[in-house]
Number of protein chains: 2
Amino acid sequence: MADVAREAGVSVMTVSNVLNERLPVGETTRARVMAAVEALGYEVNLTARHLRAGRTDTVAFIAPSFHDYFGEVSDEIALRVESEGRHLVLERTGGGPEQEMEALSVSRLRLYDGVLLSVAGLDIDRLERVRTSTPIVLLGERDAPERFDHVRLANEEGARLATAHMIDGGSRRIVALGGTFDPGHTMSSDRRLGWERAMTDAGLGVDPRYVVPISEYSSAAARDALLEVIDSGLPFDGVCSITDVIALGAISALAERGLRIPEDVQVTGFDNLEMVQFVPPGLTSVDANHEELAEKAVGMLHRRIAGWDGPAEHVVVPVRLVVRGSTRGRA
Amino acid sequence: MADVAREAGVSVMTVSNVLNERLPVGETTRARVMAAVEALGYEVNLTARHLRAGRTDTVAFIAPSFHDYFGEVSDEIALRVESEGRHLVLERTGGGPEQEMEALSVSRLRLYDGVLLSVAGLDIDRLERVRTSTPIVLLGERDAPERFDHVRLANEEGARLATAHMIDGGSRRIVALGGTFDPGHTMSSDRRLGWERAMTDAGLGVDPRYVVPISEYSSAAARDALLEVIDSGLPFDGVCSITDVIALGAISALAERGLRIPEDVQVTGFDNLEMVQFVPPGLTSVDANHEELAEKAVGMLHRRIAGWDGPAEHVVVPVRLVVRGSTRGRA
DNA sequence: CTGTTAGCGCATTCAT
DNA sequence: ATGAATGCGCTAACAG
């Protein structure tokens, strides 16, 4: 900038004023400055500007990865962050708790005016230790410390809807694929609870053999787990998968064993990813309502960034069932 | 930092030395400093450190979105960037040329030590105008200015392999779904060329009616385009899709019209996304070799960051065919 | 309208 | 082993 000022024969402040259109600058001076900028190929150093300004006008969305679910969510988030004139950057943690803590290192957080943090692999104790002045909004289905703003889905209700819909379509023995009996709130436990509620509501027993945990949230693991169920001889006529990615594994396993969807087995997913409508016969899925999730989360974050200092808010975003060919019930 | 120094009764430099473990510091002094750091909840200001250091130890991967293909690529890239002790951040452009130029605004680029840029929506003229001292490596299938390092896939060869494999499996009338006759190198044109080459090599004619462009690279658009082909009565027995996402649309369309895969129509994709192995009957796809792509791109970038100043390198990454149930040929 | 001064928080250099 | 001075590049505040 000093170089530009020298080249144009003005002071650095004039250069700054021209570039930021802050104070009015004389026409000829402005022209000279712009010419010098061009000639020298000058561009502002944002690092210096950020240091000076004490803010970066940038928000980070930190998540395990941006495949599938978070990929779709990030599109919605980007839209809303940018509409407020801020920049969105994505950081992946890889899902491991160590990396998540690394990304959470408070010094890194301070590079951003605000942070949207998906708490996938992070437990409540570790989160509790995070102390920073940077506003943070948590996204995710796990329990989280009270003091953070937090947005989660209506997990139990979603799984209940899906399961009830399959019961409506005639299923009686429904596998909760990916479900667990974890204490507290987790995605796998909350959604299992919804399955349980639907079964109970329908007067069907809750047999724990039908809760099938999987080693990791991948289609491959889901496929293997369901193949094992099939081969064990446990009879079932429905699969309530706790995510779409897991449902895809289930579909693969059923096809491999020659079971027809939905005639022999109905299948539901959760998330309503873009792709699942194209996997024949179309996956019935709980829509995870990315728009409202993003709307809430970004709204809360911007409010904090603006200095709002109210108590932490904990929002549950409603979901709805999208019926497709993988189930027999009516929409 | 000054606060910490005061609290500990030392100078700021001592605090800095303690935190960075640069110069040796006396044991008792170090303890006092750490205590003060804890007491005040101090964390370094990375913005200031970056300004001072003139680098950020951070690399950006800029892409249209991180669904599907780029999501998988970014995992490989992250691994390699982090193993060199740098941080990876992702920026999405949304695919529009304006936003891509926005992300490319040279001032933003200078926030990073290096940039991996996917050139999806960006044409060569716009890129030509980008002038910055920040090292950039281009990823993508389009033509790009000579002066940039650039990594692309063996697009033509991949599509040729897929098409030849379907011919081998008995197909004679193969649709190039998503192909175009664009001049120059684009993904859609190069892959169409591979299809063409395979058809010619097999002594089959190249009928332009079998090159079916799509309005955008989505499953929905692909599905619509193929439904139109089916309903037009044009006979075909194979679909060479230029991406897996497009293949998924094709699978959906074929299922909807009651055509069986692979008995009536063979289908191939390109990218070998994680998910396609689970879509019954398993999609035969050209593996886009994320590992080698990432390896090359990150390697080139790190070399540049280290100050290497050789001529721009243009790398073509080899691909291979992964055979699954959607085709009849042998592996 | 334009220039001067000062400081954001850190780390290099040199002095003690 | 520790401290003081200096400047990275920018802009708010004030002076001219």
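Quick note on labels: first sequence line is chain A, next is B, and so on, each numbered from 1.
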Side chain of [X], backbone of [Y]: donor and acceptor closer than 3.5 Å?
X        : Y        : value
B:Glu91  : B:Ala60  : no
B:His290 : B:Ser74  : no
B:Arg32  : B:Ala8   : yes
B:Asp113 : B:Thr56  : yes
B:His314 : B:Glu146 : yes

- Task: To the nearest Å, give me how far apart CG (A:Asn17) and C1' (C:dC1) are.
- Result: 10 Å
- Message: Any residue in residues 25-32 of chain A with a heavy atom nearer than 4.0 angstrom to DNA chain C? Just list them by number, or reply none.
- Response: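 The answer is A:Val25, A:Gly26, A:Thr29.
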Looking only at heavy atoms, which two atoms of [X] and [Y] are closest? And how far apart?
X        : Y        : answer
B:Tyr112 : B:Thr134 : O-CG2, 3.5 Å
B:Met1   : B:Val15  : CG-CG1, 4.0 Å
B:Arg304 : B:Pro135 : CB-CB, 3.6 Å

- Do B:Phe66 and A:Phe70 have ring centres separated by under 6.0 Å? no
- Query: Under a 4.5 Å cut-off applied to non-hydrogen side-chain atoms, are A:Asn17 and A:Val33 in contact?
  - Reply: no
- Should B:Ile136 and B:Asp149 count as side-chain neighbours, where that means a heavy-atom distance under 4.5 Å?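 No. Closest side-chain heavy atoms not under 4.5 Å.
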- Residue from B:Leu109, B:Leu116, B:Leu90 passing side-chain contact (heavy atoms from CB on, under 4.5 Å) with B:Ile62: B:Leu109
- Item | Heavy-atom contact window of chain B on DNA chain D, given 5' to 3' at under 4.0 Å | D:dA1 to D:dG9
- Note on the structure: Contact string for nucleotides 5-11 of chain C, one letter per nucleotide 5' to 3', B = base within protein heavy-atom range under 4.0 Å, S = sugar-phosphate only, - = neither, reads -BBBBBB
- Item | Under-4.0 Å salt bridge between A:Glu76 and A:Arg80 |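 A salt bridge links A:Glu76 with A:Arg80.
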- Interface with DNA chain D, restricted to residues 33-41 of chain B and to heavy atoms under 4.0 Å: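 None - not one residue of the stretch has a heavy atom sitting under 4.0 Å from the strand.
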- Which is it for B:His185 and B:Asp143 under the side chain to side chain donor-acceptor pair (under 3.5 Å) test, yes or no, and what are the steps along the way? CA-CA 5 Å; B:His185 287 292; B:Asp143 278 316; 4.6 Å; no
- Message: At 10 degrees resolution, what angle do the end axes of the helix from C:dC1-D:dG16 to C:dT16-D:dA1 form when each is taken over five base pairs?
- Response: 40°
- Task: Apply side-chain hydrogen bond (donor to acceptor under 3.5 Å, both in side chains) to A:Asn155 and list each qualifying residue two or more places apart in sequence or on a separate chain.
- Result: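 Here the qualifying residues are A:Glu141, A:Arg191.
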